[in-house]
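Just below is one structure, and these are the notes that go with it.
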2 protein chains.
Amino acid sequence: MSAAVAPVDGGTGIEKQRLRIWLRLLKISRQMEAEIRERLRVEFATTLPRFDVLAALYRETDGLKMTELSSALMVSNGNVTGIVERLVSDGLVVRIPVSGDRRAMIVQLTPAGRKDFAHMAKTHEGWVASLLKTLSDEDANTLVHLLDNVHIRGALHK
Amino acid sequence: MSAAVAPVDGGTGIEKQRLRIWLRLLKISRQMEAEIRERLRVEFATTLPRFDVLAALYRETDGLKMTELSSALMVSNGNVTGIVERLVSDGLVVRIPVSGDRRAMIVQLTPAGRKDFAHMAKTHEGWVASLLKTLSDEDANTLVHLLDNVHIRGALHK
DNA sequence: TCTAAAAATTTTAAGCTTGAAATATATTGC
DNA sequence: GCAATATATTTCAAGCTTAAAATTTTTAGA
């Protein structure tokens, strides 16, 4: 995560305003994440990365290859390896060899993983709604449209 | 970080809308963070946590105690210990005993740390503006006001 | 075919992060 | 003054995260 702090130096007004948006965005994300992380820990004895992997697999009944999983979650390959390992030893997911490509593995939820996640997801949705309770329906509408129009222009897109 | 994924189950329309806001917010934060992290690594051979610590200290000429630092950054105490250790060995910050309280330590930028950070901060502000370039000035204005009105209602606030 | 390049994944080393336990010091109440 | 409590910080164990290197298998090209 990045500097949740006030602007530091000079610069144009536009730059300062964009910086303010970023810092505010970051602060909100951090607060919500911290809260959700804590609740997952206390109520379900799990972590956010595990939850994220289960969420991605939940909507893909046929499972996902390791690489598909890591790109869906926007994290590195090696990262997924470790998380999936732990989920396997908890009995929530399985790794299945891909017929025709001995390099690849498909990761799938087990019935237990599916059941566990369905319960957590329901609760999680309530948490999010509750954390954003102070936002009026009207503002929420405006916000969702504005956010849909933000497209990060990373280095790769030149 | 949390589930950057589409909604999973049933629920009220309001809940779904709030969930959508959260997922969108999270996706944007992650993309921007990843981009900034990468640029800090490539251009300045540093990391986001280090940058954050330097930023917090930059605006506090008198320095901050470890606890003040960790609460400013919203991270754990133990976390700050490690980052500061590494910054000390890089010569960017110093730890000064607090006269009158032998438990506490003040952390301060060194002249080198101050100079390094000033340079990075300037560049960083440009990155942020550039990453949010697709946002019109008008939308940016609306967004900044909306975000200022979001107040996360965590468990601690009942 | 055979070899070079590409692809899928794991391993590794380093650093980040947390909550809980441990240490050391300070403050409060009796 | 002394005991209990609170505060400031570090240490610890476990897990998360990344980039880079290594491994294994597949694909493409001469």
Side-chain angles (χ1 to χ4, degrees), chain A residues 1-4 29-30 33-54 63-90 95-107, chain B residues 1-4 29-30 33-54 63-90 95-107 155-156:
Chain A
M1 306 186 179
S2 172
S29 306
R30 283 189 180 186
E33 253 194 56
E35 191 64 35
I36 291 172
R37 225 177 258 280
E38 164 78 359
R39 295 187 187 192
L40 282 176
R41 187 178 64 85
V42 171
E43 301 207 13
F44 297 122
T46 192
T47 66
L48 214 35
R50 276 168 165 91
F51 183 87
D52 287 351
V53 167
L54 295 179
L64 288 170
K65 289 195 289 187
M66 293 298 283
T67 295
E68 292 171 335
L69 200 43
S70 72
S71 89
L73 299 176
M74 301 192 282
V75 300
S76 65
N77 274 355
N79 189 353
V80 172
T81 298
I83 298 168
V84 165
E85 252 166 27
R86 287 178 282 270
L87 288 173
V88 166
S89 55
D90 288 350
R95 295 149 124 296
I96 303 169
V98 173
S99 71
D101 189 341
R102 280 183 296 177
R103 295 168 304 178
M105 299 294 276
I106 292 270
V107 187
Chain B
M1 303 187 179
S2 172
S29 307
R30 283 190 181 185
E33 254 193 54
E35 192 63 34
I36 291 172
R37 225 178 258 281
E38 164 78 359
R39 295 187 188 192
L40 283 175
R41 186 178 66 85
V42 171
E43 302 208 11
F44 297 122
T46 191
T47 66
L48 213 33
R50 277 169 164 89
F51 182 86
D52 288 352
V53 167
L54 296 179
L64 288 170
K65 289 195 290 187
M66 293 298 284
T67 297
E68 293 171 335
L69 200 44
S70 71
S71 88
L73 300 176
M74 301 193 284
V75 300
S76 66
N77 275 353
N79 191 351
V80 173
T81 297
I83 298 168
V84 166
E85 251 166 27
R86 287 178 282 270
L87 288 173
V88 166
S89 57
D90 288 351
R95 296 148 124 294
I96 303 169
V98 174
S99 72
D101 188 342
R102 279 184 295 177
R103 295 168 305 178
M105 300 295 275
I106 292 270
V107 188
L156 296 178

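Lettering follows sequence order; numbering is per chain, from 1.
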In whole Å, I'd like the distance from the NZ atom of A:Lys65 to the C1' atom of C:dT10. 16 Å
In whole angstrom, what separates B:Asn77's CG from C:dG19's C1'? 11 Å
Heavy-atom pair of closest approach, residues A:Val84 and A:Arg95: CG1-NE, 4.0 Å
Measure CD1/B:Ile96 against P/D:dT9 and give the value in whole Å, please. 13 Å
Just to confirm, is there a sub-4.0 Å distance from OP1 or OP2 of C:dT18 to any side-chain nitrogen or oxygen of A:Arg41? no
Given atom CE of B:Met66 and atom C1' of C:dT23, what is their separation to the nearest angstrom? 15 Å
Determine: side-chain N/O of B:Asn79 to OP1/OP2 of C:dT18, distance under 4.0 Å, yes or no. yes
Think B:Ser76 has a side-chain N or O under 4.0 angstrom from the OP1 or OP2 of C:dT17? no
Rounded to whole angstrom units, what separation is found between the CG atom of B:Leu69 and the C1' atom of D:dA8? 13 Å
Measure CG/A:Asp101 against P/C:dA8 and give the value in whole Å, please. 7 Å
Could you say whether A:Gly78 or B:Gly78 is positioned toward the 5' end of DNA chain D, judged by the nucleotide with the nearest heavy atom to each? B:Gly78
Against the side chain of B:Ala104, the closest entry in C:dT11, D:dT9, D:dC16 is D:dT9
CG on B:Leu73 to CD1 on B:Ile83, rounded to 0.5 Å: 7.5 Å
B:Met105 has its side chain closest, among D:dT17, C:dG19, D:dT9, to D:dT9
A:Arg86 side chain, from C-beta outward: closest of C:dG19, D:dC16, C:dT17: D:dC16
Check whether any side-chain nitrogen or oxygen of B:Arg102 sits under 4.0 Å from OP1 or OP2 of C:dA26, and answer yes or no. yes
CZ of A:Arg86 to OG1 of A:Thr81, rounded to nearest 0.5 Å, is 10.0 Å
Non-hydrogen atoms of A:Leu64 and A:Leu69 that approach each other most closely: CD1-CD1, 3.8 Å
Can you find a donor-acceptor pair, distance only, under 3.5 Å between A:Arg103 side chain and C:dA7 base? yes
Give B:Thr67 one of three labels, base, sugar-phosphate or nothing, depending on what nucleic acid heavy atoms sit under 4.0 Å from its own. sugar-phosphate
When you match A:Ile106 and B:Val75 each to their closest nucleotide on DNA chain C, which lands nearer the 5' end? A:Ile106
Taking OP1 and OP2 of D:dT11, is either one under 4.0 Å from a side-chain nitrogen or oxygen of B:Thr81? no
Whole-Å distance between C:dG15 P and B:Phe51 CZ? 20 Å
Check A:Arg41 with A:Glu38, please: is the shortest side-chain N to carboxylate O separation under 4.0 Å? yes
Atom CD of A:Glu85 to atom P of D:dT17: distance rounded to whole Å? 14 Å
Counting only side-chain N and O atoms of A:Arg95, is one of them less than 4.0 Å from OP1 or OP2 of C:dT10? yes
Would a 4.5 Å heavy-atom cut-off, applied to side chains only, mark A:Val107 and A:Met66 as touching? yes
